[in-house]
There are 2 protein chains.
Amino acid sequence: MYSYTEENYLKTIYKLSEQGNQSINTNSIAEVLQTKAASVTDMIKKLADKKLLNYEKYKGVALTEKGRKVAVDTVRKHRLWECFLYDKLKFGWDEVHEIAEQLEHINSELLTDKLEEFLDFPTHDPHGDPIPTKNGVIKKSNFILLCDAKPNQILVMSGVADHTAVFLQHLNKISVVLGTEIQITEKNDYDGSIAVKLSGIKSMYFSKDVAKNILVKVK
Amino acid sequence: MYSYTEENYLKTIYKLSEQGNQSINTNSIAEVLQTKAASVTDMIKKLADKKLLNYEKYKGVALTEKGRKVAVDTVRKHRLWECFLYDKLKFGWDEVHEIAEQLEHINSELLTDKLEEFLDFPTHDPHGDPIPTKNGVIKKSNFILLCDAKPNQILVMSGVADHTAVFLQHLNKISVVLGTEIQITEKNDYDGSIAVKLSGIKSMYFSKDVAKNILVKVK
DNA sequence: ACATTTTTTTAGGCAAGCCTAAAAAAATTT
DNA sequence: AAATTTTTTTAGGCTTGCCTAAAAAAATGT
Ligand SMILES: [Mn+2]
Ligand SMILES: [Mn+2]
Ligand SMILES: [Mn+2]
Ligand SMILES: [Mn+2]
């Protein structure tokens, strides 16, 4: 139906608009897709012709409902494949994204549905991100940043704000995975670092850089 | 490494050369790939530049060892994915090929290896075709055509010569699947049809068209 | 308000992969 | 051996998606 490239543009625009931005500008799309602004202008004209987004010269773009559906479906496939790679093939959570970038473009509705069933209808991917339903509904997670959480509560590690492999590998190293219980024992205003207790036993310090990229919910 | 299109050309040339043809001509490639001879000439020049095949004007092409390796690896991925779709996702054997045509181009050696392990190192795909090893070794099956088999022996259905969905669906209809035991009770020279007994009980007639597309081995 | 900087678009061009029509070579028929 | 048919290649052109350089518009600074 849509090309690999078209799906990637739509997905990028969708993600940028989820990050608050109302209208998405050319340069930010170019940056995410590692391409040039001129190429973005070319493509958004084509996507606008296909009614996948609304575009006014010099005013940025916004997805139409049709475009949003394609984008969300691509995200759905991406996250389902990440679950498959993580749960079934035993890839690490730092390895799944790159392969899912390829798999998300496989075009077969029946395959997506059967995959979902095979995985037992997962609600979140290995990074804690919600999996959109077949109808394009995506549940907004109410996770908070660990750096914004109150001390002493028992928090459950539920997602990441930084999806890079290096960050995920760092979390492996410090034994923080989805489901790990975290209790903030002390907050340092000076550098934003925090002292935590993991699983009620292991005491550690997290730098601000780490604390601001971990998503938690109160148990 | 190689594009979707390049892999498809190499796979097609490989399969044509497996079918006996020593040197592969332009028209036969065009026919399989549903394209024009002129497009084939374009592409084989590029593949020859990349040392994936040897090409002499008007003389046809033959894969180099490098080209054969790419082709066999694509076949390996295709058949492993067919196993996944059939064994794990419960697709019918008539449905798996089309989706595997997409999945075979996913580029990750680690993925292929982990998939193979997850499937418990299958030796044959859902159509009875052998799965090449990681090093490119492909075991030649010594199956014979049902129409060439001797009467009264107990034969085991082991593969198909016709891979089309309609033929596979017809086999479903007449309850012939991989592993079904077939005994020829009578051969009719006039029209090539045969009388058979399935699983030692069910008597049926197979037309020549059916009998010549079923591969069996003697039990 | 005007000048400068940044962002975006336009213009023109390139590679991959495809096409049709025409030319050239090879194979077949007479 | 010559004529005809078939196969293959060449020539030229199209679309997609990308690029650089230049022009135009918008945003920012003074
Ligand atoms: Mn991902
Ligand atoms: Mn993810
Ligand atoms: Mn197949
Ligand atoms: Mn097969």
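Every heavy atom of this structure was used, including side-chain atoms; hydrogens, water molecules and symmetry mates were not. In the text below, chain A, chain B and the rest are named by the order of the sequence lines, each starting its count at 1.
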Peer 1: Return the value, rounded to whole Å, for the distance between atom CG of B:Asn8 and atom P of C:dC18.
Peer 2: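 One finds 9 Å between P of C:dC18 and CG of B:Asn8, rounded.
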Peer 1: Contact class for A:Lys46 vs. all strands (heavy atom < 4.0 Å): base, sugar-phosphate, or nothing?
Peer 2: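 Answer is base: heavy atoms of A:Lys46 come under 4.0 Å of a base.
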Peer 1: Do the charged groups of A:Glu101 and A:Lys11 touch, with an N to O distance under 4.0 Å?
Peer 2: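 Looking at A:Glu101 and A:Lys11, the cut-off is met.
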Peer 1: Under 4.0 Å, heavy atoms only, any strand: does A:Lys59 hit a base, just the sugar-phosphate, or nothing?
Peer 2: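 Here A:Lys59 touches no strand at all.
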Peer 1: Rounded off to whole Å, could you give me the CG-to-C1' distance for the A:Asn27 and C:dT7 pair?
Peer 2: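 Nearest whole value for this atom pair: 6 Å.
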Peer 1: With a 4.0 Å cut-off on heavy atoms, is A:Tyr4 in touch with a base, just the backbone sugar-phosphate, or nothing at all?
Peer 2: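 The residue A:Tyr4 makes no contact with any strand.
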Peer 1: So, B:Lys15 and B:Glu18, do they make that salt bridge, N to O below 4.0 Å?
Peer 2: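 No, B:Lys15 and B:Glu18 are not salt-bridged.
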Peer 1: Reckon B:Thr5 touches a base, only the sugar-phosphate, or nothing at all at heavy-atom distances under 4.0 Å?
Peer 2: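 Result for B:Thr5 = sugar-phosphate.
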Peer 1: I'd like to know if the side chain of A:Arg79 reaches the main chain of A:Asp125, judged simply by a donor and an acceptor atom lying under 3.5 Å from each other, with no hydrogens or angles considered.
Peer 2: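 Not at all, since once roles are kept as given, no pair shorter than 3.5 Å links the two residues.
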Peer 1: Give a yes or no on whether the backbone of A:Ile24 and the side-chain of A:Ser28 come within a donor-acceptor separation of less than 3.5 Å.
Peer 2: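 No; judged by distance alone, with no hydrogens or angles, the pair does not exist.
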Peer 1: Across the strands shown, which category fits A:Thr26 at heavy-atom distances under 4.0 angstrom: base, sugar-phosphate, nothing?
Peer 2: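 Sugar-phosphate, backbone atoms only, no base.
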Peer 1: A:Glu56 CD to C:dT8 P: how many Å, rounded?
Peer 2: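 It works out to 14 Å between those atoms.
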